Structure formats: C-alpha cells, structure tokens
Amino acid sequence: MRLRSDIFVSALTRRLFARGDFAAVERKGEEQAGAIFIRQRFRDGSETLYAPAPQSFFDDEESGTRLFEIRINRKEAAEVRQTLDRELKFDPDLWIIELETDDIADIVPLADQRPNPLD
C-alpha cells in the first residue's frame with residue numbers, strides 16, 4: 001500500500017525545512033492518491049519539474065513507493081507553468097509542490113537512480 005499523498009507532501013516539506021531550505025504547497029490535490037508534481041526553483045530563475053514516474057518503473061516489490069522522473073530540466077518558469085497547466089486539465093486532483101533548494105538528491109526519489117528516502 002502506498003503512502004497517502006498528503007502525508008508524503010508533509011514529510012517532504014518538513015525534511016526541506018529541517019535542512020534550512022524552503023518548500024511550499026502551491027496546489028493541494030486529492031489527499032489519498034493525488035499525483036504529486038514538484039517544482040525545484042534555482043537562484044538563477046530556472047526550474048526543474050519532477051513528475052510521477054510511469055508505472056513501468058515499478059515492479060511488484062515497489063508497488064507502495066513513490067518515484068519521480070525529471071520532466072523538464074532547468075528551463076524557464078513559463079515553460080514549467082505551461083506543462084503544469086496542461087497536466088491540470090488532464091488531472092485536476094494533482095498536487096504541486098515548490099522547493100527552493102540547490103540539492104534534492106536525498107529528498108526526491110528518482111526512478112532507477114536512487115532509493116526512496118521516505119520508506
């Protein structure tokens with residue numbers, strides 16, 4: 001069973017605040033199972049967008065974890081906003097989380113790259 005979206009978001013934001021970085025919930029989605037999109041903002045104004053990884057990245061042992069993939073890497077904020085607007089038309093129950101940090105290596109679990117730190 002996968003961790004509820006609201007609990008995952010809460011744990012994610014608390015871990016960032018504990019490190020002295022900033023996190024905010026831009027849009028609350030469905031509490032139980034809403035998809036989570038993460039905007040990482042950099043000091044130069046660029047952003048990276050992390051989206052839920054496709055189901056093909058999961059096997060039976062990982063069915064309860066949340067994994068992400070990089071959808072947009074260090075592009076203008078307007079491009080990230082356009083992508084999120086398209087996603088919202090498709091799924092109005094999604095979450096959007098903003099992170100202001102330079103390094104999220106131990107925070108956001110990427111598919112096929114590192115283990116989920118929240119498990």
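Each residue takes its place number in the sequence, starting with 1. Since we're looking at a predicted model, the values are computed, not measured.
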Legend entry - ILVMFWY network linking I96 to V9, side-chain heavy atoms under 4.5 angstrom: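 The answer is no; the residues belong to distinct hydrophobic clusters.
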
Legend entry - Single-linkage hydrophobic cluster, 4.5 Å side-chain cutoff, V25 and L49 together: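 No.
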
So do the side chains of [X] and [Y] get within less than 4.5 Å of each other, counting heavy atoms only?
| X | Y | value |
| --- | --- | --- |
| R81 | R39 | yes |
| I107 | I38 | no |
| L16 | L99 | yes |
| R27 | L88 | yes |

Legend entry - Residue pair K28, W95: steps toward the side-chain contact (heavy atoms from CB on, under 4.5 Å) verdict: CA-CA 5 Å; K28 278 188 162 185; W95 291 75; 3.8 Å; yes

Legend entry - Check: R41/T48 side-chain N/O donor and acceptor closer than 3.5 Å: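 There is no such pair (donor and acceptor under 3.5 Å, judged by atom type) between the side chains of R41 and T48.
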
Inset, instruction - Considering non-hydrogen atoms only, spot the tightest contact between V80 and I72 and give its length. - result: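 V80 and I72 have their closest heavy atoms at CA-CD1, 4.0 Å.
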
Inset, instruction - Specify the closest pair of heavy atoms between F37 and A51, including all atoms of both residues, with the distance to one decimal. - result: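 Shortest heavy-atom separation between F37 and A51 comes out as CE2-CB, 3.4 Å.
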
Between [atom1] on residue [X] and [atom2] on residue [Y], distance to nearest 0.5 Å:
| X | Y | atom1 | atom2 | value |
| --- | --- | --- | --- | --- |
| S10 | I97 | OG | CD1 | 10.0 Å |
| I36 | L94 | CD1 | CG | 10.0 Å |
| E47 | L84 | CD | CG | 8.5 Å |
| E76 | S46 | CD | OG | 7.5 Å |

Legend entry - side-chain contact (heavy atoms from CB on, under 4.5 Å) involving F22 - partner list, sequence neighbours excluded: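 Residues passing side-chain contact (heavy atoms from CB on, under 4.5 Å) with F22: F17, A24, E100.
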
Legend entry - Linked hydrophobic residues, F90 as query - side chain contacts closer than 4.5 Å: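 Taking Ile, Leu, Val, Met, Phe, Trp and Tyr as members, F90 stands alone, with no cluster partners.
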
Legend entry - Residue list, side-chain hydrogen bond (donor to acceptor under 3.5 Å, both in side chains) with T101, at least two apart or on another chain: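 If we apply the side-chain hydrogen bond (donor to acceptor under 3.5 Å, both in side chains) test to T101, skipping adjacent residues, the hits are R19, D21.
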
Ion pair present between [X] and [Y], side-chain N to carboxylate O less than 4.0 angstrom?
| X | Y | answer |
| --- | --- | --- |
| R71 | E69 | yes |
| R74 | D44 | yes |
| R4 | E31 | yes |

Legend entry - Expected output: side-chain E30 to main-chain A33 donor-acceptor under 3.5 Å: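 The answer is yes, because a donor-acceptor pair under 3.5 Å joins these two groups.
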
Inset, instruction - Would you sort out whether Q32 and D6 count as a side-chain contact (heavy atoms from CB on, under 4.5 Å), showing the intermediate values? - result: CA-CA 7 Å; Q32 297 283 334; D6 57 345; over 6 Å; no

Legend entry - Worked check of side-chain contact (heavy atoms from CB on, under 4.5 Å) between Y50 and L110: CA-CA 9 Å; Y50 299 88; L110 295 178; 3.6 Å; yes

